[in-house]
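What follows is a single structure, written as C-alpha cells, with notes after it.
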Amino acid sequence: MNIKIAVIEFPASNCDRDALHVLNNVVNIKADLVWHNHFKEKDYDGVILPGGFSFGDYLRAGIIAAHSPAMDEARIMLEDGRPVLGICNGFQILTEAQFLPGALLRNESLKFVCKWVNLKIENNKTAFTNKLNKADIIDIPIAHGEGRYFTDKLKELVDNDQIVFRYTNEKGAITSDSNPNGSMDNIAGVCNLEGNCLGLMPHPERASESILSPNGTTHGKIIFDSMIDFIKKRSA
Amino acid sequence: MLWEVEVVLENKKAARDPVGETIKRDLLAKKGYDMVTNVRSGQYLRINIESNDEQQAKQVVEKMCNELRIFNPVTQILTILNVKKS
Amino acid sequence: MLWEVEVVLENKKAARDPVGETIKRDLLAKKGYDMVTNVRSGQYLRINIESNDEQQAKQVVEKMCNELRIFNPVTQILTILNVKKS
Amino acid sequence: MPKVNTSGDELDVNLTDDEIERIKDELNRDPSITEWGMFDVMLSEHCSYKSSRPKLKLFEDAEKNYDYVLAGPGQDAGVIDIGDNYALAFRIESHNHPSAIEPYHGAATGIGGIIRDILCMGVRPIALLDPLRFGTLTDNPHSQWLFKYVVKGIADYGNCTGIPTIGGEVEFDKSFESNCLVNVACIGLGTIEDFKHAPSRAYNPRDYIILMGGSTGRDGIHGVTFASRTLTDMSEADRPAVQIGDPFTKKMIIEATLEAIKTGHVRGLKDLGGGGLSCALSELTGDGGTGASVDMGKIFIREPGMNSFEVMLSESQERMAFIVKPEGLEDVLNVFRKFEMAHAVIGRTDDTQVLKVYDGDNLVVNLPATALSDAPTIPRKEKRPDFLDDLLAQKTPEPSKKLDEIIYDLIASENICSKEWVYRQYDHEVGVRSVLKCGDGDSGILRIIGTNKFISSSVGTNSKHCFLDPYNGSKGGMIEICGNVIANGARPKAMVNCCNFGNPEAPESFWYFAESVKGMADFCREMKIPIVGGNVSFYNEDEVTKTAIKPTPVIMIVGIIEGEENIITLPFKDVGSDVLLIGETKPELGGSEYHSVIYDMEGGTPPNVNEKEIKLIWDFIFELYENNLVKSNHDVNKGGIIITIAEMCFKNKIGVKLDLNTFKEGGLKDDELIFSESVGRFVMETSKSDYDKIMDLGGKYKISVKKIGTTIMEPEIQINGLKTSNFTLNLKQMKHLYDSTIPNLMDK
Ligand SMILES: Nc1ncnc2c1ncn2[C@@H]1O[C@H](COP(=O)(O)OP(=O)(O)O)[C@@H](O)[C@H]1O
Ligand SMILES: [Mg+2]
C-alpha cells in the first residue's frame with residue numbers, strides 16, 4: 001500500500017523539515033510538507049504536527065495554531081482513527097485544540113532547556129509505541145521553554161492509561177532530578193483514549209539516526225516505525 | 001465608539017506561578033524587601049474595541065476570550081480589570 | 001498594614017509589541033473579531049506589601065521593579081494600575 | 001556636534017566640517033533635511049568604515065587569490081565553494097552598544113541582523129555562534145543582569161527562528177563591565193545557484209523594488225538627533241532607543257525569501273539593517289550601477305505622520321528589499337501572499353544612476369546613487385601605550401598556595417568553568433544537522449544532509465593576550481580558533497572576524513586595532529587562510545572612566561571534514577592509551593588565567609607566535625589523522641595543560657597518570673609548565689602500539705612531541721615528575737567545581 005503522511009507547516013514551525021527528512025530518508029515513507037492553510041486530510045494516512053514556535057508562541061505556545069483550519073482537518077483524522085502525532089509545539093497545539101487533555105506550562109526553571117533525557121514507556125498500546133516494550137527506557141532529546149505538563153484530571157489519565165512517556169534517570173527511576181521542566185508526575189507524553197493521538201515534548205525526529213545521538217541510539221525512529229505499522233495494520 | 005478593555009490572565013493556584021515565585025525569591029535574597037509578602041504574575045492585554053456601549057464592549061471581550069480560548073480554562077483564570085472609553 | 005499593588009510592564013508606546021500584533025492579526029481578525037482595533041500585551045504583577053500608607057507602598061514597588069531590573073526603562077514603561085488595602 | 005540647516009529645519013549631524021563642505025560641493029546645492037540625515041548615517045563609522053578601511057586593506061583580496069572564495073569582504077557575508085555544488089556563507093557581527101543598554105532586545109536583534117546578512121546571500125541560515133564578553137560575575141548584579149538577558153535574548157530569538165546555536169564562547173573581564181561585547185555569527189548553506197541568484201545589487205533597470213516584512217516605524221532613528229518643527233513636541237520617552245525583535249516575523253521572512261528566490265525571478269536582495277532604507281537603496285543601486293525612483297507613500301508605516309526623514313532612516317527590524325524582474329512580479333508577490341507577509345512595490349530601478357525618493361509630488365531625495373556608498377576615509381594616529389612596558393615586565397610571584405589548590409581554583413574560575421548554563425538554553429539541535437553539539441568538543445560540527453561532508457566551526461579570541469601584545473595575541477587567537485577545528489579533524493578553510501576596540505580617535509586604541517589587523521593579515525597570508533569578511537565595532541569604552549575594553553578581535557573559522565570516520569573528538573576513549581603533548585611549552589604566563597585568577601594580575605610575558613612551527617604542527621597532525629593514529633585530540637588554551645587534560649577525562653570518567661619528568665631538564669618552573677598558555681599545542685590520546693611511528697613522524701617534522709602520561713581507570717589525574725611535590729587531583733571534585741560555578745552565581 002502507498003502510505004502518505006502529512007507534516008504540517010504552521011507559520012514558524014521549525015522542526016517540520018526535520019520530521020520530513022526522517023520520514024522520507026530514514027523511515028523511507030512518503031511524506032509531504034503541507035502549508036497549514038492548504039492541508040486536506042483526505043490525501044493522507046496520518047499527520048504530524050511538528051515542533052517549533054507556531055505564530056511565535058505568542059500569547060501561549062500552540063494557542064493560535066490550534067485555531068488553524070489545519071486542525072479542523074486533523075480532527076476528522078482523529079475521529080476516524082488515523083494517527084495524529086504532535087511533537088513539542090505539536091503537543092502544545094494538540095492540548096490547546098483539546099485533542100489531548102491537560103496543558104503545557106512554562107518550565108519551572110523559567111529557562112528554555114535543550115538536552116538529551118531518558119524516557120520510560122508507560123503505555124505500548126498506542127499507534128506510536130506498539131513496537132516498544134512497556135518499561136523500556138529510551139534516549140531522546142528535548143528542547144522547549146513551555147513543557148511543564150499540567151492536568152487537573154491526573155487520576156483519570158492514570159486510570160485510562162493515557163500517560164505514554166515519563167522522564168526518568170538512566171536506570172528508569174522517576175526522580176525529581178530527572179524531571180527537566182517540573183511536569184506533573186514526570187509526564188512527557190500523553191495520548192487520547194483511543195491511542196491514535198499522541199503528544200510528546202521530546203523530539204523523536206532528532207533521535208532517529210545514530211550519528212545525531214550521543215549514545216549512538218536510534219530510539220526515536222521506533223516511534224515513526226510504530227506509526228507506519230499501525231497504519232498498515234489498520235488498512236489491512 | 002472606541003473602548004479600551006484591560007484583561008489579565010493568570011495561572012490557577014494549582015498550576016503554580018514560577019514567575020511570581022522567582023521574583024519573590026529574588027526579592028528576599030536582597031536586603032530591604034522583606035515587606036513584600038507575595039507576588040503573583042499574569043499576562044496583561046489591553047484591547048481596543050469598537051462598540052456601542054461599555055456593557056457590550058465587555059461582553060464581546062468576554063465572549064471572545066472564551067470562544068477563542070484566549071485563556072486556557074485548564075490552568076488559567078481571566079479577569080477583566082477595567083473598561084473605559086479609549 | 002498590607003497593601004495590594006497591581007503593576008503592568010509593557011513596551012513603550014512607540015516600540016513594537018509583536019505579541020499584541022500577532023494576537024490581533026492572526027487570531028482575532030481571522031476569527032471575525034474585526035471590531036478589535038488594537039491589542040497591546042504586557043506583564044502583570046500583583047504585589048502584596050506591608051507598608052504604612054498607600055504612597056509608600058507605591059514607591060517601594062516602583063523602586064523594587066527598577067532595582068531588580070524587573071523592567072528596563074529603556075524599552076518599557078511601568079504603570080501602577082491600582083493600590084488597595086489587601 | 002555641527003548643525004546643518006535646510007529650509008527651516010535644523011539637524012545635528014555627526015559629520016566633520018570637511019565632510020559637510022564636500023557634500024555641498026559635490027551636489028552643488030544644500031541637501032534636503034532627509035538627504036542630510038542619509039549622509040549622516042551613511043558616513044558614520046558604523047556604515048562607512050572610515051577609520052578602519054585603510055587598515056583593512058591589509059587583508060588580501062580573497063576573491064582573487066583563492067579560487068574557492070565566491071564572495072569576500074565587502075559583501076553581506078563571505079561565501080565559499082565547499083564542493084559538491086554547495087556554497088557556504090558565514091559572517092560575524094557585533095551588537096555591543098544596544099546590548100549594553102537593553103541586553104535582551106539588543107542581543108535578540110543582533111541575532112536578527114546576522115540572520116538577514118546570511119539570508120541576503122540567497123542561502124538558508126543553518127547555525128549561529130555567539131562569542132560573548134561581560135564584566136566578572138562574582139558580586140556583580142549588573143554583570144549578572146547583562147549576562148542573563150543577553151543569553152535569553154539570543155536563546156529566544158535563535159530558538160524561535162529554528163536556527164541552532166552550535167557554539168560560542170564567554171569571557172569575563174572587568175574591562176567589559178559597562179561595555180559588554182555581544183558578537184553573533186551565522187552560517188548559511190545553499191547550492192551555488194542559490195547564491196548566484198541573489199546578489200545584493202540591482203544591476204538591471206526597470207526591475208521592481210519590493211519591501212517585505214515588518215512595518216517601518218520610528219524605532220532606531222535615535223542615532224541622529226532631529227530637531228524640527230514636526231517633531232519637537234515628541235518627548236524622549238516616546239522614542240524607544242532600542243528596537244524590539246520579532247523572531248516570528250523573522251522566521252517567516254526566512255521562509256518567504258527562500259521560496260521567493262526559488263521562483264527564479266529575484267534579481268537582487270538586500271536586508272535593511274543599519275541605515276535602513278537609505279543604506280539598502282544606495283548600496284543596491286550605487287554598487288549595481290543603476291538608479292531608482294521610490295514612492296514613499298507605498299511604504300507601509302507603523303505610525304501615522306511619519307515624515308520622509310524618519311522613513312528613510314528608520315532601522316525597524318525584520319525588513320528585506322527585493323529586486324524583481326518585471327515578468328516575475330506576480331509570482332514573487334504570490335509567495336509573500338502565501339506566507340501572509342506584508343509587502344509593497346515601492347519603486348523601480350532605472351538607468352539614471354540617481355536615487356530619487358518622492359513624498360507625494362515632492363522629490364525629497366535626489367542623489368547620485370554612489371554619493372552615499374563611496375565614503376572617504378580618515379587617517380587616524382597610532383601610538384603604542386606607555387603602560388605596556390611595565391605590564392610586560394611584571395614577574396610571576398612565588399606560588400601562594402599548593403599547586404593542586406591552584407588547579408581547583410582555576411577549574412572553578414569564571415573563564416575556565418563549563419558554559420553549560422548558556423548553551424542548555426539554546427536549541428543546538430534543530431535542523432537535525434548537529435553532529436558535535438555545544439560543550440561536546442572544540443568546535444561545532446554540522447552534517448550536510450545527503451552527503452558525507454561536515455562543517456566544523458569555532459569562534460573566539462584571547463583578549464588578555466591581545467591586551468599585552470595585539471600583534472601576537474591576534475595571531476594567537478587565530479591559532480586557538482583554527483586549533484579548535486583542527487582538533488576535530490577539519491582543515492581551516494576560511495575566516496571572518498569581528499574587531500571590537502575602543503575609540504579610534506584615541507591613538508592608543510587605534511594602535512591596538514592596527515596591530516591586531518596586521519597580526520591576523522600576516523597569519524592568514526602565511527597559513528593560506530582566506531579572510532572573507534569582517535565587522536568593526538569601535539567606541540567600546542567605559543562611559544565613566546573613558547577606559548577602553550581589552551582589544552578583542554574575535555575570529556570565526558570554518559573547516560570541512562570529508563567523511564564521518566574523520567571526525568575526531570575530545571574525550572579520552574580507552575584506558576592504557578598514551579597521552580601526548582604536541583608543541584613546545586614556554587614560560588609564557590603573561591595574560592594567563594593563572595595570573596589573573598590567583599594573583600589578580602594582567603601582565604607578564606604573553607605567548608609569542610612562530611608560524612613556521614605552527615604550520616609544521618598542523619601538517620603533522622593531519623598526517624597522523626590520515627594514518628588513523630589519533631583517538632582523541634584537544635587544543636591547549638586557557639589554564640594550560642592540566643585543564644585541557646581534565647576536560648578530556650570528564651565524559652568517559654577516564655583518569656590519567658602524568659609523568660612530567662621529560663621537562664625536568666628544561667628551565668621551566670612547575671607553575672610555568674602547568675599553567676603556561678603557549679599557543680599551538682594539542683593534547684592527544686594515541687595507541688601505545690603506535691608510539692614509535694608517531695615519534696618518527698614528529699622527528700620528521702622537527703616539532704616537539706612528548707609522551708606525558710597514560711590513561712588509567714582511576715578517576716583521577718596523578719601528577720608525577722614535578723620539581724616540587726607530586727600530587728593527585730580528584731576528577732569528581734574537579735567536575736563538580738567545573739559545573740557549578742555559573743549556576744551558583746546565576747540561579748541561587
Ligand atoms: N556562548 C556560548 N554559546 C554556545 N556555546 C558555548 C558558549 N560558550 C561556550 N560554549 C561551548 O562550550 C564549549 C567550551 O567552550 P570553550 O571553553 O570556549 O572552548 P575551547 O576552550 O575549546 O575554545 C564549546 O563547545 C563551546 O562551543
Ligand atoms: Mg579548544
Side-chain angles (χ1 to χ4, degrees), chain A residues 54-69 71-72 75 89 91-113 144-157 162 176 179-185 187 190 192 199, chain B residues 3-30 33 36 38-49 57-83 86:
Chain A
S54 54
F55 296 95
D57 275 359
Y58 296 151
L59 185 56
R60 241 180 4 261
I63 175 66
I64 302 184
H67 291 284
S68 158
M71 295 310 291
D72 299 331
R75 191 175 292 281
N89 195 231
F91 185 14
Q92 294 160 339
I93 297 169
L94 287 174
T95 57
E96 288 293 354
Q98 294 169 274
F99 285 37
L100 292 174
L104 293 145
L105 302 172
R106 193 140 168 219
N107 294 350
E108 206 165 59
S109 67
L110 301 179
K111 289 203 278 289
F112 189 95
V113 55
H144 58 249
E146 295 181 41
R148 178 162 61 99
Y149 187 76
F150 173 85
T151 174
D152 47 8
K153 302 199 172 64
L154 185 61
K155 188 169 177 308
E156 240 178 270
L157 282 192
Q162 283 177 271
S176 61
N179 187 337
N181 51 28
S183 284
M184 195 177 253
D185 266 30
I187 293 173
V190 300
N192 62 345
Chain B
W3 299 83
E4 178 177 298
V5 185
E6 288 178 300
V7 170
V8 168
L9 318 172
E10 59 188 295
N11 279 0
K12 288 181 181 167
K13 278 257 154 52
R16 305 214 6 228
D17 171 27
V19 176
E21 288 164 29
T22 304
I23 292 176
K24 169 96 190 302
R25 197 176 56 228
D26 285 353
L27 277 172
L28 291 177
K30 315 246 163 183
Y33 288 108
V36 173
N38 198 25
V39 181
R40 288 291 289 188
S41 82
Q43 172 143 23
Y44 168 87
L45 296 175
R46 190 175 336 96
I47 301 167
N48 292 324
I49 184 166
K58 195 170 161 180
Q59 276 167 4
V60 172
V61 168
E62 266 171 359
K63 177 158 164 281
M64 177 176 98
C65 288
N66 278 314
E67 212 173 81
L68 302 183
R69 281 176 59 106
I70 299 282
F71 76 106
N72 185 337
V74 179
T75 56
Q76 295 181 308
I77 44 178
L78 173 136
T79 319
I80 297 201
L81 289 183
N82 255 315
V83 185
S86 165

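In what follows, every heavy atom counts, from backbone to side chain, and hydrogens, waters and symmetry copies are set aside. This is a predicted model, so every value here is computed, not measured.
At a heavy-atom cut-off of under 4.5 Å, chain A is reached by E67(B), L68(B), R69(B) from residues 60-69 of chain B, listed in order of number. Among the residues in residues 59-67 of chain A, those with a non-hydrogen atom closer than 4.5 angstrom to a non-hydrogen atom of chain B are L59(A), R60(A), I63(A), H67(A).
Going from atom CG of L105(A) over to atom CZ of R16(B) covers 10.0 Å, rounded to the nearest 0.5 Å.
The contact between T95(A) and chain B is made entirely by backbone atoms, counting heavy-atom distances below 4.5 Å. Using a 4.5 Å cut-off between heavy atoms, I70(B) touches chain A through backbone and side chain atoms alike. Residue E96(A) touches chain B through both its backbone and its side chain, counting heavy-atom pairs closer than 4.5 Å.
The shortest non-hydrogen separation linking F150(A) to V74(B) is CE2-O, 3.6 Å. Between R148(A) and A15(B), the shortest heavy-atom contact is NH1-O, 3.0 Å.
The most heavy-atom pairs under 4.5 Å with chain B, out of R106(A), M184(A), Q98(A), K153(A), come from Q98(A). The choice from N107(A), D152(A), L110(A) that makes the most heavy-atom pairs within less than 4.5 Å of chain B is L110(A).
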